[in-house]
**Q** 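Quick one: structure below, then a few questions.
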Amino acid sequence: MSNALDAALRLVRAETTLVRRFDARLSGLHGVSLADFTLLLRLGQAPGGRMRRVDLADALGLTASGVTRGLAPLERIGLVTREPDARDARVAYASLTATGRRRLPEMLATAEETAAEVFHAPAWSAEDVALLSSLLTRLGGTGLNGR
């Protein structure tokens with residue numbers, strides 16, 4: 001087996017492990033998945049807590065229909081709402097509700113705690129985490145600020 005394939009398979013397995021860990025914590029405490037949290041976080045970082053759905057899809061690396069599917073349960077539980085554009089009926093915005101704005105910092109604290117547990121010292125140094133972040137960026141990964 002090639003080193004490249006081995007590295008790719010290890011990365012996929014590590015991603016699965018991380019998603020499970022984040023999902024368990026976020027769903028247990030807040031009733032959302034990691035994917036839900038990521039979507040809410042991007043909205044929370046947007047001016048006014050809202051984004052065009054097409055821009056949200058681009059920021060998350062999803063299709064427009066993927067964003068629509070992801071937003072539906074969040075709309076049902078009152079964390080986001082759909083807003084039409086007053087000037088263009090073809091454009092729709094996703095917007096955090098007051099409840100979503102209130103709960104997002106709690107979710108962010110849980111995600112921060114989970115990440116700190118995953119990358120705890122002495123197993124991981126600050127330099128290790130920075131290097132991993134840099135390498136993942138080379139693969140197309142984005143972080144908290146969308147870059």
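Note that the structure is predicted; figures quoted are calculated from it, not measured.
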**Q** About how many Å separate CG of Leu71 and CG of Leu39, when rounded to the nearest 0.5 Å?
**A** 5.0 Å
**Q** Out of curiosity, does Val32 fall in the hydrophobic cluster containing Leu29 (side-chain heavy atoms, cut-off under 4.5 Å, transitive links)?
**A** no
**Q** So, Ser125 side chain and Ala121 main chain: donor-acceptor pair closer than 3.5 Å or not?
**A** no
**Q** Determine the minimum heavy-atom distance between Leu96 and Arg101, stating which atoms define it.
**A** O-NH1, 2.8 Å
**Q** Determine the minimum heavy-atom distance between Thr99 and Gly78, stating which atoms define it.
**A**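 For Thr99 and Gly78, the tightest heavy-atom pair comes out as CB-O, 3.6 Å.
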**Q** With ILVMFWY side chains joined below 4.5 Å, transitively, what does Tyr93's cluster contain besides itself?
**A**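 Other cluster members: Val91.
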**Q** Mind listing the closest non-hydrogen atom pair of Asp6 and Arg10 along with its distance?
**A** OD2-NE, 2.8 Å
**Q** Under 4.5 Å between side-chain heavy atoms, counting indirect links through other Ile/Leu/Val/Met/Phe/Trp/Tyr residues: same cluster for Phe119 and Leu34 or not?
**A** yes
**Q** Sorted by first residue and then second, give each salt bridge (charged side-chain N to carboxylate O under 4.0 Å, His left out) pair with at least one member in residues 107-136; sequence neighbours left out.
**A**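 Passing the test, one end in residues 107-136: Arg21-Glu117, Arg25-Glu113, Arg25-Glu117.
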**Q** When rounded to the nearest 0.5 angstrom, what distance separates CZ in Arg103 from OG1 in Thr97?
**A** 9.0 Å
**Q** Compare all side-chain heavy atoms of Leu132 with those of Trp124 and state whether any distance is below 4.5 angstrom.
**A** yes
**Q** One pair to check against side chain to side chain contact (heavy atoms under 4.5 Å, CB included): Leu104 and Leu79. What are the steps and the verdict?
**A** CA-CA 9 Å; Leu104 183 56; Leu79 299 178; over 6 Å; no
**Q** For Glu75 and Thr81: C-alpha separation, side-chain torsions, deciding distance, then whether side chain to side chain contact (heavy atoms under 4.5 Å, CB included) applies.
**A** CA-CA 5 Å; Glu75 288 176 28; Thr81 188; 5.8 Å; no
**Q** Hey, what do you get for CG (Leu43) to CG (Leu56), rounding to the nearest 0.5 Å?
**A** 5.0 Å
**Q** Determine, using the 4.5 Å side-chain heavy-atom cutoff (strictly less than), whether Val129 and Val118 are members of one ILVMFWY cluster.
**A** yes
**Q** Mind checking whether Thr114 and Leu18 have side chains closer than 4.5 Å, heavy atoms only?
**A**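 Contact flag for Thr114/Leu18 side chains = no.
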**Q** To the nearest 0.5 angstrom, please state how far the CZ atom of Phe22 sits from the OG1 atom of Thr38.
**A** 9.0 Å
**Q** Do you know which two heavy atoms are closest between Arg53 and Val67, and how far apart they sit?
**A** O-CG1, 4.2 Å
**Q** How long is the span from the CZ atom in Arg82 to the CZ atom in Arg50, to the nearest 0.5 Å?
**A**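 Between atom CZ of Arg82 and atom CZ of Arg50 there are 14.5 Å.
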**Q** To the nearest 0.5 Å, how far apart are CZ in Arg42 and CG in Asp55?
**A**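 Output value for this atom pair is 12.5 Å.
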**Q** Only counting residues at least two apart or in another chain, list the ones meeting side-chain hydrogen bond (donor to acceptor under 3.5 Å, both in side chains) with Ser95.
**A** Glu83
**Q** With the side chain counted from C-beta on, respond yes when Leu135 and Leu131 share a heavy-atom pair under 4.5 Å apart, and no when they do not.
**A** yes
**Q** Do Val12 and Leu139 share a hydrophobic cluster, counting only Ile, Leu, Val, Met, Phe, Trp and Tyr and linking them when any side-chain heavy atoms are less than 4.5 Å apart?
**A** no
**Q** Are Val54 and Leu62 connected, step by step, through hydrophobic side chains (Ile, Leu, Val, Met, Phe, Trp, Tyr) whose heavy atoms are closer than 4.5 Å?
**A**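 Result: no, two separate clusters.
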